[in-house]
Amino acid sequence: MRKKLLISALTIMAASLVSSNGFAQIEEESITFSPLIGGIVFEGNQNVDDDMAVGLGFGYNFTKNWGAEGTFRFIDTEDDISGSSENIDGRLYHLDALYHFMPDNKLVPYVAAGLGGITLEDNPDGNNTNPLFDYGAGVKYFLNENVALRGDVRHMVTFDDHYNNLVYAVGLAFQFPIKPEVVPAVAPPPPPPEPKPAPVVKKAPAPKPVPPPPPIMEEVSVKLHIEFDFDKDNVRSIYENDCRRVAKFLRDYPEVTIEVDGHTDSRGDADYNMKLSQRRAENAKNYLINNYGIDPARITAKGFGETQPVASNDTDEGRQRNRRVVAVVKTMVEKK
């Protein structure tokens, strides 16, 4: 049975590795589900063998940093008394608070602490249930925006007998955001002009044909504005709606091309900032190509480094505004 559980866990991990890529981070207001497999190390005087522990965790992220999780683990072990090999069934359950460090990164370390209990049936000391306090640390590595590899270690201290046990596990963390996506409203196009009444023409010789008047043209445009964290070049998921709007404009007007311009603040070496701005522009270009199928020949990426600030580099707010990628796309269409 233990081999079947291990094979099932590895199968789930392998399937997640071929999932679609996304921009990974801890999402606030999201539900989590974690299948776990690992082991438990018992304190020596409990007369219980160290063995495998499998379980499930269910949690909720209130913010990007803070979350809560309840975990249930099943333990199938034996006593280690000389000459005996009695089977022992165990259950470990605990409710913890989690704090995530660097929640906007693919690699997210965290710490956890909480309360719970452990039940051991048919052990050498008889059936017993002990309340416990647990604390520990772990790490999540996001494979895409909804799936992460996970590993952690917990120290379990029981209240009644003061046993010190250690639980370790690896597994997957599935994340399901429940915050509704806000789609900006699009204003309806202006109504077409009312037709003019036909003039009354007196009977006269047929005039020469008059060519139709040229069509009335109007300008349509869309803007792209993405800001970055310090020394980062990844496009964050909060700008997905902006990128989707630009991609729709490019699909609606296939003759239009676009230049994506990258910029930085003034901190750091000027040559390094020039290369960083080019990477930001290239990543924004690749986001439109990979996620929306835009022809690469229609998008040009160009970095300007720190040479074109739009705000003061003497304040945090100003530097944040200068760490950006911008583009303005315009074209003329016939007015309807």
Nearest 0.5 Å, what's the CG-OH distance between Leu250 and Tyr292?
11.5 Å

Say whether Ile226 and Tyr287 are linked into one hydrophobic cluster, either directly or through other cluster members, by side-chain heavy-atom distances under 4.5 angstrom.
yes

Checking side-chain contact (heavy atoms from CB on, under 4.5 Å) for the pair Lys223/His225: CA distance, chi angles, key distance, verdict?
CA-CA 7 Å; Lys223 296 181 180 180; His225 184 93; over 6 Å; no

How close do Pro177 and Asn146 get, counting heavy atoms only, and between which atoms?
CD-OD1, 4.0 Å

Report yes if some heavy atom in the side chain of Arg324 is under 4.5 Å from a heavy atom in the side chain of Val310; otherwise report no.
yes

Nearest 0.5 angstrom please: Glu227 CD to Ile238 CD1, how far?
8.5 Å

In the structure I gave you, are the side-chain heavy atoms of Tyr110 and Ile26 within less than 4.5 Å of one another anywhere?
no

Taking Lys285 for the side chain and Ile299 for the main chain, is one N or O donor matched with an acceptor at less than 3.5 Å?
yes

Do Arg73 and Leu36 have side chains that get closer than 4.5 Å, going by heavy atoms?
yes

Please lay out, stage by stage, how Leu288 and Cys243 fare under the test side-chain contact (heavy atoms from CB on, under 4.5 Å).
CA-CA 7 Å; Leu288 295 173; Cys243 294; 4.0 Å; yes

In plain terms, say whether Arg236 and Asp104 are close enough for a salt bridge, that is, a side-chain N and a carboxylate O under 4.0 Å apart.
no

Salt bridge between Asp242 and Arg244, side-chain N to carboxylate O under 4.0 Å?
no

side-chain hydrogen bond (donor to acceptor under 3.5 Å, both in side chains) between Thr264 and Tyr272, intermediate numbers included:
CA-CA 10 Å; Thr264 70; Tyr272 177 85; over 6 Å; no

Say you draw a straight line from CG of Asn273 to OG1 of Thr307; how long is it, rounded to the nearest 0.5 Å?
10.0 Å

Which heavy atom of Met274 sits nearest to which heavy atom of Gly303, and what is that distance?
SD-O, 3.4 Å

Has the side chain of Gln175 got a donor or acceptor atom that lies under 3.5 Å from a matching backbone atom of Glu27?
yes

Group every Ile, Leu, Val, Met, Phe, Trp and Tyr by side-chain heavy-atom contacts under 4.5 Å, then state whether Tyr135 and Ile40 land in the same group.
no

List the atom of Val325, the atom of Gly262, and the distance in Å for their closest heavy-atom pair.
CG2-CA, 3.9 Å

With rounding to the nearest 0.5 Å, note down the distance linking CD1 in Ile31 to CZ in Phe176.
8.5 Å

Looking at Gly116, is its backbone amide N or carbonyl O close enough to the side chain of His94 to form a donor-acceptor pair, meaning the two atoms are under 3.5 Å apart?
no

From Leu115 CG over to Asp96 CG, what is the distance, rounded to the nearest 0.5 angstrom?
8.5 Å

Examine distances only and state if a side-chain atom of Glu28 and a backbone atom of Trp66 form a donor-acceptor pair shorter than 3.5 Å.
no

Is the shortest side-chain heavy-atom distance between Val167 and Met156 below 4.5 Å?
yes

Are Phe230 and Arg323 side-chain neighbours, meaning at least one heavy-atom pair lies under 4.5 Å?
yes

Treating Ile, Leu, Val, Met, Phe, Trp and Tyr as nodes and any side-chain heavy-atom pair under 4.5 angstrom as an edge, say whether Ile258 and Val326 lie in one connected cluster.
no

Test side-chain contact (heavy atoms from CB on, under 4.5 Å) applied to Phe58 and Thr71, step by step:
CA-CA 6 Å; Phe58 297 90; Thr71 305; over 6 Å; no

Which atoms form the tightest heavy-atom contact between Gln278 and Ala301, and what is the distance?
NE2-O, 3.2 Å

Does the pair Arg298/Asp295 count as a salt bridge with the N-to-O cut at 4.0 Å?
no

May I ask you to decide if Gly305's main-chain N or O and Ser277's side chain share a donor-acceptor pair within less than 3.5 Å?
yes

Would you check if the side chain of Arg280 reaches a backbone N or O of Lys232 as a donor-acceptor pair within less than 3.5 Å?
yes

Check this for me: Phe72, atom CZ, are more than 12 non-hydrogen atoms of other residues, nucleotides or ligands nearer than 6.0 Å?
yes

Would you indicate whether the side-chain heavy atoms of Val153 and Leu166 approach each other to under 4.5 Å?
yes

Closest non-hydrogen atom pair between Pro131 and Thr129, with its separation
CD-O, 4.1 Å

SB check Asp271 Lys275 (cutoff 4.0 Å):
no

Give the ring-plane orientation class for His263 versus Phe304, where under 30° counts as parallel, over 60° as perpendicular and anything between as tilted.
parallel

Joint hydrophobic cluster, Val260 plus Leu276, side-chain heavy atoms closer than 4.5 Å
no

How long is the gap from CZ on Arg321 to CG on Asp316, to the nearest 0.5 Å?
14.0 Å

Answer whether the closest heavy-atom distance between the side chains of Pro109 and Met102 falls below 4.5 Å.
yes

Donor-acceptor pair, distance only, cut-off 3.5 Å: does the side chain of Asn61 make one with the backbone of Gly67?
no

Under 3.5 Å, is there a donor-acceptor pair between the side chain of Gln25 and the main chain of Phe142?
no

Using atom types as modelled and distance alone, determine if a side-chain donor or acceptor of Asn313 lies under 3.5 Å from a backbone N or O of Asp265.
no

Could you go through the side-chain hydrogen bond (donor to acceptor under 3.5 Å, both in side chains) check for Asn164 and His155 one step at a time?
CA-CA 7 Å; Asn164 291 268; His155 182 200; 2.9 Å; yes

Could you check whether Asp261 pairs with Lys302 (Lys NZ or Arg NE/NH1/NH2 to Asp/Glu carboxylate O, under 4.0 Å)?
no

Kindly determine whether Phe249 and Val329 satisfy side-chain contact (heavy atoms from CB on, under 4.5 Å), including the steps that lead there.
CA-CA 9 Å; Phe249 186 95; Val329 192; 3.7 Å; yes

Compare all side-chain heavy atoms of Arg319 with those of Pro309 and state whether any distance is below 4.5 angstrom.
no

Within the distance-only criterion (no hydrogens, no angle test), does the side chain of Asn105 pair as donor or acceptor with the backbone N or O of Leu107 below 3.5 angstrom?
no

Shared ILVMFWY cluster between Leu224 and Val256, side chains joined below 4.5 angstrom?
yes

I need the minimum non-hydrogen distance between Ile118 and Phe42, along with the two atoms involved.
CD1-CE2, 4.2 Å

